[in-house]
Amino acid sequence: MQVSRWLGVALVAGAFAFAGCGDDEEEPAGGGGAESTPAQQAEQFPADSTLGKIQSKGEITIGVKFDVPPFGFQNPQTNEVEGFDVEMGKAVAEKLGVEPKFIEAISDNRIPFLQDGTADLILSTMTINEERVGQINFSDPYFIARGRVLVKEDSDITGVADLAGKNVCTALGSTYEANLKEQAPEAKLKLVDSYSECLELIQNGSVDAVSTDDVILTGMIIQDDTLKLVGEELTQEPYGAGIKKGETEMTEFVNGVFKELKDSGKWNELFDTWIGKYTGQQGEPPTITVEEAVELVKQN
Amino acid sequence: LIDVLTEYWPEFRSGFWVTVRLVVAAFAVAMVVGTLVAALRIAPSKWLQRLGGIYVEVFRNLPLLVLLFISFAGLRRSGVDINAWTAGIASLGLYTAAYVAEVLRSGVFSVGKGQIEASLSLGFTYAATLRRIVLPQAFRTVISPLGSLTIAMIKNSAIIGVSLLALGDLLKQARIVQARTFETNATFFWAAVGYLILTGLATLAVRALERRYAIRR
């Protein structure tokens, strides 16, 4: 009896060590407010407006991905979230003269987060589409990603046409669920909560391909260089910042911040730092509006 | 409310059947393995008892979600080509089996020692004593706790749907429908109805068995 009890304890301890490998998602990664001290010249908004309330709180809660390099991911050394989306969020916070507080928003919960006030702003690789425009406000697109297919280096899949009968992973609640049903109706979809799970599934061989935005897939290749992108681009995915439905003032404010980033060349700088460095691509800031983005996505 | 169900009927239906298949298969695993482990635990050998004890301690003391991770991601990483179905059924079944074994053991112990001694002294073998004297009586006392375990297992099956296994069970399909429609309340209402149908059927089955084997007092 004694022996078996110790074995049980040891196994549970082992299980804890196992679980410890995952990232600590509870830890609110207070995104480097250090270098962005609240700007003195921040425009003050009326105390009863949404922006005014954020200013009097001194903090804006921004939902970002925690597992999607290079857009929003936790730096394992510092435990802080970093990435292109995070930089966009910091720019908005700085312009408001408040501290950014980053919380994790996965594809499935980010819209509810805005609706119930858990987050003031969502910057989590969110494609602007018609369905979502009915639920929340979007800023003008701040990035356009392209849908691609990721496979293992030795895979015989060369494009979306080869996905028939294969297991394909994408995130539950993402636009790829519908896209894949259309472009590869024979593919067996495995829908998971986060792209890090897709990475696990392709690495352990239980799916044959992962399909989502090229930049997210590039992030996976950064982590595991035995993976590769194949085929033509499936879709265009304009990313917008999500804001609660009806918050026109805040939407315009965020648009202003993004426009300034795009015009000043800061956008290109951020692109090079977070994306160009890995893909060798040149990036140009998108100039289309939300309506044009919806049309673009419809053509996918 | 009803629109969500009718419009997404294929999703709900397929999710319901996946859950049914998972639960039925896991139930079979749990009963077979649970009975074997219980037999080990009451076996006349100290070593066999210990073996059964280790099984119960391991599978009862690990969270189901951890078992799912080990049996799927863990085994696959170490080169075992296990699929999500096998991992899900095995995890849920083996986890529940530990509880089943404990219930069966306590059922056997509820039969008075005197009866066993009497049976052995009358020349019944150990196996015959177990089969003809102990188990029929033990069965009656374990029906109700086994029923509770089955209901718990049906509910635990939902963990499979949110785990890495990505099987399209009832909860998973409901979440897919929710992500498409944003009709959170209606979607999960129907998911709850689906689980209530299954747990309700289990409850009815337990009642019927209890009535059938009731001692007239």
Side-chain angles (χ1 to χ4, degrees), chain A residues 1-19 21-22 106-112 114-116 129 131-132 134-136 167-178 181 188-194 196-207 245, chain B residues 11 15 40-41 46-47 49-87 98 161-169 171-185:
Chain A
M1 205 64 245
Q2 206 57 22
V3 177
S4 59
R5 190 153 288 153
W6 278 112
L7 190 77
V9 171
L11 269 153
V12 172
F16 269 105
F18 185 80
C21 299
I106 61 173
S107 298
D108 196 32
N109 69 13
R110 54 197 175 183
I111 288 176
L114 285 176
Q115 291 167 335
D116 65 21
N129 68 19
E131 201 179 28
R132 290 173 181 161
Q135 305 283 330
I136 55 169
N167 289 311
V168 185
C169 186
T170 194
L172 201 157
S174 75
T175 45
Y176 286 87
E177 193 200 326
K181 280 213 172 102
K188 286 180 265 178
L189 293 189
K190 293 279 177 193
L191 301 171
V192 296
D193 285 327
S194 61
S196 52
E197 290 177 50
C198 280
L199 179 59
E200 166 66 33
L201 291 176
I202 193 167
Q203 284 179 331
N204 80 25
S206 54
V207 301
K245 187 90 203 149
Chain B
E11 279 80 2
L40 286 178
R41 297 213 68 182
K46 202 101 214 141
W47 283 105
Q49 285 178 17
R50 254 178 217 156
L51 202 64
I54 289 172
Y55 180 92
V56 170
E57 298 292 335
V58 169
F59 283 93
R60 197 173 54 172
N61 291 346
L62 285 177
L64 180 53
L65 196 52
V66 173
L67 279 179
L68 287 166
F69 270 100
I70 294 175
S71 68
F72 187 58
L75 287 183
R76 286 198 74 94
R77 288 255 172 183
S78 30
V80 182
D81 191 21
I82 190 169
N83 69 29
W85 277 96
T86 316
V162 294
S163 73
L164 191 63
L165 273 59
L167 282 176
D169 75 345
L171 181 60
K172 185 80 168 194
Q173 293 291 357
R175 292 178 64 223
I176 291 170
V177 173
Q178 189 274 337
R180 264 188 237 160
T181 61
F182 303 103
E183 293 276 359
T184 308
N185 292 339

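Throughout, protein chains are lettered first and strands after them, A, B, ... in sequence-line order, and every chain is numbered starting at 1.
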Trainee: Is it true that B:R77 and A:E200 have a side-chain N and a carboxylate O under 4.0 angstrom from each other?
Mentor: yes
Trainee: Given heavy-atom pairs under 4.5 angstrom as the criterion, report whether the side chain, backbone, both or neither of A:I111 touches chain B.
Mentor: side chain
Trainee: Can you name the residues that form a ring pair (Phe, Tyr, Trp, His ring centres under 6.0 Å) with A:Y176, not counting sequence neighbours?
Mentor: none
Trainee: Please report the shortest heavy-atom distance between A:L201 and B:L164, naming the atom on each side.
Mentor: CD2-O, 3.7 Å
Trainee: Sequence neighbours left out, what pairs pass side chain to side chain donor-acceptor pair (under 3.5 Å) with at least one residue falling in residues 67-76 of chain B?
Mentor: A:N204-B:R76, B:S71-B:S91, B:R76-B:D81
Trainee: For residues A:G173 and B:A179, report the shortest heavy-atom separation together with the two atoms involved.
Mentor: CA-CB, 3.5 Å
Trainee: Contact part of B:Q178 toward chain A, heavy-atom cut-off under 4.5 Å: side chain, backbone, both or neither?
Mentor: side chain
Trainee: Just wondering, more than 12 heavy atoms not from A:D116 lying within 6.0 Å of its CG?
Mentor: yes
Trainee: So, taking the atom named NZ in B:K172 and the one named CG in A:D193, what distance separates them when rounded to the nearest 0.5 Å?
Mentor: 5.5 Å
Trainee: For A:Q115, which atoms come within 4.5 Å of any heavy atom of chain B: side chain, backbone, both, or neither?
Mentor: neither
Trainee: Which heavy atom of A:K190 sits nearest to which heavy atom of B:L165, and what is that distance?
Mentor: NZ-O, 4.3 Å
